[in-house]
Number of protein chains: 2
Amino acid sequence: MKQRSDRISILDIATRAGVSPATVSRVFNSPEQVSETTREQVLHVAREHGYRPNASARTLRTQRSRVLGVVLPTLNNPVFTECLQGIAQATATHGYAIMPATTEYKVNHEMEAVAQLQAFGVDGVILVVSDAQSSKALERLKTSKTPYTLIYNRHPDHPCVSVEGELAVHELVQKMVHLGHTRIAMVCGQLKTSDRAQQRYAGFVSGMRQARLEAAELIEVPFVETAIEQISVSLKKDNRPTALICSNDLLAIRAIRAAHQCGLRVPQDISVTGFDGIQLGQDLTPALSTISQPNYEMGRQSVLLLVKAINESRVPESRESLTLACQFQWGESCAQAPAPHCANT
Amino acid sequence: MKQRSDRISILDIATRAGVSPATVSRVFNSPEQVSETTREQVLHVAREHGYRPNASARTLRTQRSRVLGVVLPTLNNPVFTECLQGIAQATATHGYAIMPATTEYKVNHEMEAVAQLQAFGVDGVILVVSDAQSSKALERLKTSKTPYTLIYNRHPDHPCVSVEGELAVHELVQKMVHLGHTRIAMVCGQLKTSDRAQQRYAGFVSGMRQARLEAAELIEVPFVETAIEQISVSLKKDNRPTALICSNDLLAIRAIRAAHQCGLRVPQDISVTGFDGIQLGQDLTPALSTISQPNYEMGRQSVLLLVKAINESRVPESRESLTLACQFQWGESCAQAPAPHCANT
DNA sequence: CTGAAAGCGCTAACAC
DNA sequence: GTGTTAGCGCTTTCAG
């Protein structure tokens with residue numbers, strides 16, 4: 001009975017194929033160096049036994065694991081899973097495997113995740129951090145010369161694949177103003193745990209200022225579980241906003257529900273916009289208006305950037321950072337401001 | 001300048017701490033065997049240099065990687081990412097890392113994914129396969145004595161963590177019948193790529209039969225991109241169904257949109273139910289009626305099952321399979337059948 | 001084109 | 001309680 005422990009090794013294949021282990025190795029790593037006959041012979045035996053070179057041994061020997069680490073805040077938000085799919089697709093085509101870790105938005109988890117990934121000898125790391133400016137994890141990556149690329153985060157000192165969130169929200173405010181909205185509020189999660197949210201908020205503030213609108217209300221929703229209730233509070237006020245600009249799509253979905261629960265119709269009574277462009281948003285009714293990011297493509301590009309550097313035995317540089325286009329996607333959740341007299345239903 | 005290649009090793013730590021590598025190893029693997037003074041000394045040096053034992057070397061030596069492979073159809077469906085979170089949480093608390101792979105519902109990808117994971121020396125694999133009965137990947141896992149656990153799939157010959165989907169749908173049909181529905185259709189993806197969907201469909205058929213209802217319509221939607229249009233076709237027919245039982249929540253969401261596009265109100269004109277209990281479903285309006293599975297918990301349990309077996313140096317047995325409870329969750333997308341005369345608006 | 005041999009970093013006997 | 005040593009499976013000079 002075959003035991004797990006006697007996994008077939010390069011030596012077994014070599015013996016059975018009547019060649020040396022070196023030749024078997026060559027068949028897998030530089031097949032052109034092996035004569036066709038022996039190569040076929042070896043491959044035949046290998047296939048017969050379902051043999052694959054042991055990755056740990058190879059990693060130990062070559063100092064390359066062909067594994068990329070991925071550090072994400074959570075898998076609860078489709079924006080990250082869409083991006084992860086892009087990463088997975090691109091790594092697969094380049095012969096890499098991935099090892100993901102989530103931080104659940106806890107800053108100290110970032111460091112732990114990175115340390116663990118380094119212990120596994122990953123060739124590089126793709127990450128979304130809470131705050132690129134102050135991240136200890138990035139510091140460690142930098143001093144240990146581990147190749148890494150940030151994604152979604154945007155910072156001049158790091159290689160990033162990101163979008164101009166601040167600008168996008170700024171322009172979105174203008175759009176809403178053109179639609180006649182004057183009482184516009186921003187809804188976001190905990191600002192301090194996300195530099196992206198901060199940037200989006202900055203765009204909101206500057207947009208409101210440029211439009212000469214004051215009272216740029218901020219509805220900060222620390223816990224998703226209570227988001228709907230919290231948003232509802234603002235919607236029940238006199239002089240409630242006629243437009244909610246949410247810092248992500250998940251919040252926008254909850255804002256829409258909050259509006260419904262307050263007896264407001266979306267978009268007739270109140271407009272709601274999101275940010276991220278998660279695929280699901282377009283299957284909802286009303287379809288989400290959102291600033292759509294190319295999430296899958298961002299994941300893909302971050303892999304390309306990283307793998308290119310790795311192949312050149314260097315780390316990605318901040319000047320290689322990529323800014324991808326994001327654009328406002330009209331959806332049914334967004335319309336002209338209601339006529340003034342019926343705004344405070 | 002520190003190069004990536006001269007990563008600090010156990011020998012460096014040993015030298016700097018004035019002990020042998022064996023002692024350093026003991027500090028990390030069986031600290032109680034080391035005197036407190038030397039232990040502290042070693043730990044101090046290790047922390048100072050941010051040292052962690054090289055996982056590849058350890059794996060090579062011990063034949064245990066402390067990595068679990070996870071094979072899922074896609075990350076596009078929250079049901080799998082919720083489950084993956086449960087897996088990630090449980091593996092983390094047990095000191096395991098995970099290496100995920102997606103098959104995109106392609107049966108032949110299953111084998112490839114498993115082979116790759118085995119090359120990485122994973123200690124076990126958690127997977128969702130297209131069809132447990134015929135899966136070559138499962139066969140390979142079995143003959144190579146690699147510990148594995150199926151999740152969502154339900155099959156007597158394999159260790160599974162699953163729910164009784166067939167029964168749940170059967171009972172759901174009864175519920176709908178009690179609500180006065182007689183024209184009930186099932187909506188599902190490609191039946192042939194999912195044994196779960198087949199089981200749910202079987203429950204639908206048996207439920208309809210028991211209720212003495214005929215014409216159990218099946219709306220098979222092979223591509224998500226065209227789901228809404230395809231469902232709309234059925235909704236525009238004379239004698240359209242008054243209730244749609246969807247084989248998953250993502251389909252239910254699209255069915256709701258299709259209904260809206262056909263001018264039907266949910267649930268007044270038509271009821272829609274899903275299956276899976278994705279979290280997002282409860283934040284929608286109407287909130288999804290669905291057969292709710294404990295996705296996170298299923299992921300967690302599959303890890304426990306697998307890790308337990310691994311720790312006992314054996315493979316999980318089919319008799320250890322776990323059936324978790326799923327239950328119908330009332331939501332706003334489901335109501336009494338409309339009065340007969342206005343059913344065909 | 002192929003083989004022999006050293007060694008990647010670690011752990012587990014086995015000594016002391 | 002601690003050190004010595006062999007070897008996990010592989011790749012990669014170096015010889016031939």
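Order of the sequence lines sets the chain letters (A, B, ...), proteins ahead of strands, with each chain counted from 1.
- Of the residues in residues 35-48 of chain A, those with a non-hydrogen atom less than 4.0 angstrom from any atom of DNA chain C are A:Ser35, A:Thr38.
- Fit an axis to the five pairs at each end of the helix from C:dC1-D:dG16 to C:dC16-D:dG1 and the two axes sit 30° apart, to the nearest 10 degrees.
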- Note on the structure: The contact string for nucleotides 11-16 of chain C, one letter per nucleotide 5' to 3', using protein heavy atoms under 4.0 Å with B, S and - for base, sugar-phosphate only and none, comes out as BBB---
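- Rounded to whole Å, atom C1' of C:dG7 lies 11 Å from atom CD of A:Gln63.
- Not counting sequence neighbours, the partners of B:Lys192 by the side-chain hydrogen bond (donor to acceptor under 3.5 Å, both in side chains) test are B:Gln190.
- The residues B:Lys142 and B:Glu139 are annotated as not salt-bridged, no charged nitrogen and carboxylate oxygen being separated by less than 4.0 angstrom.
- Look at CZ on B:Arg7: it is 10 Å from C1' on C:dG9, rounded to the nearest Å.
- Residue pairs meeting the ring-ring contact (aromatic ring centres under 6.0 Å, His included) criterion with at least one member in residues 18-71 of chain B, sequence neighbours excluded, are B:Phe28-B:Tyr51.
- Atom C1' of nucleotide C:dA6 and atom CG of A:Leu60 are separated by 13 Å, given to the nearest angstrom.
- Listed by chain and residue number, A:Lys106 satisfy the side chain to side chain contact (heavy atoms under 4.5 Å, CB included) test with A:Asn108 (two or more places apart in sequence, or in another chain).
- Within the 4.0 Å cut-off from OP1 or OP2 of D:dG9, not a single side-chain nitrogen or oxygen of A:Ser9 is found.
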- Kindly determine whether B:Val24 and B:Val42 satisfy side-chain contact (heavy atoms from CB on, under 4.5 Å), including the steps that lead there. CA-CA 7 Å; B:Val24 177; B:Val42 168; 4.1 Å; yes
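- Among residues two or more places apart in sequence or in another chain, the side-chain hydrogen bond (donor to acceptor under 3.5 Å, both in side chains) test is passed with A:Thr62 by none.
- The nearest heavy atom of DNA chain C to A:Glu32 and to B:Asn54 marks one nucleotide each, and the one closer to the 5' end goes with A:Glu32.
- A:Met99 meets the side chain to side chain contact (heavy atoms under 4.5 Å, CB included) test with A:Val67, A:Leu117, A:Phe120, B:Val67, B:Ala97, B:Met99; sequence neighbours excluded.
- With sequence neighbours excluded, the residues forming a side-chain hydrogen bond (donor to acceptor under 3.5 Å, both in side chains) with B:Glu104 are B:Thr102, listed by chain and number.
- Remark: A:Ser135 pairs with A:Glu110, A:Val129, A:Ala137, A:Leu138 by the side chain to side chain contact (heavy atoms under 4.5 Å, CB included) rule, at least two apart or across chains.
- Regarding contacts with the backbone of C:dT2, every side-chain N or O of A:Ser20 stays at 4.0 angstrom or more from both OP1 and OP2.
- Here the P atom of nucleotide D:dG9 and the CD1 atom of A:Ile8 are 11 Å apart, to the nearest Å.
- When rounded to the nearest whole Å, the span between CD of A:Gln33 and P of D:dC14 equals 15 Å.
- Residues passing the side-chain hydrogen bond (donor to acceptor under 3.5 Å, both in side chains) test with A:Arg314, sequence neighbours excluded: A:Glu312, A:Glu320.
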Listed pairs under 3.5 Å, donor-acceptor, residues 74-90 of chain A side chains, sequence neighbours left out:
unit_1	atom_1	unit_2	atom_2	d
A:Thr74	OG1	A:Asn76	N	2.9
A:Asn77	OD1	A:Val79	N	3.0
A:Thr81	OG1	A:Pro78	O	3.1
A:Glu82	OE1	A:Asn295	ND2	3.2
A:Glu82	OE2	A:Gln279	N	2.8

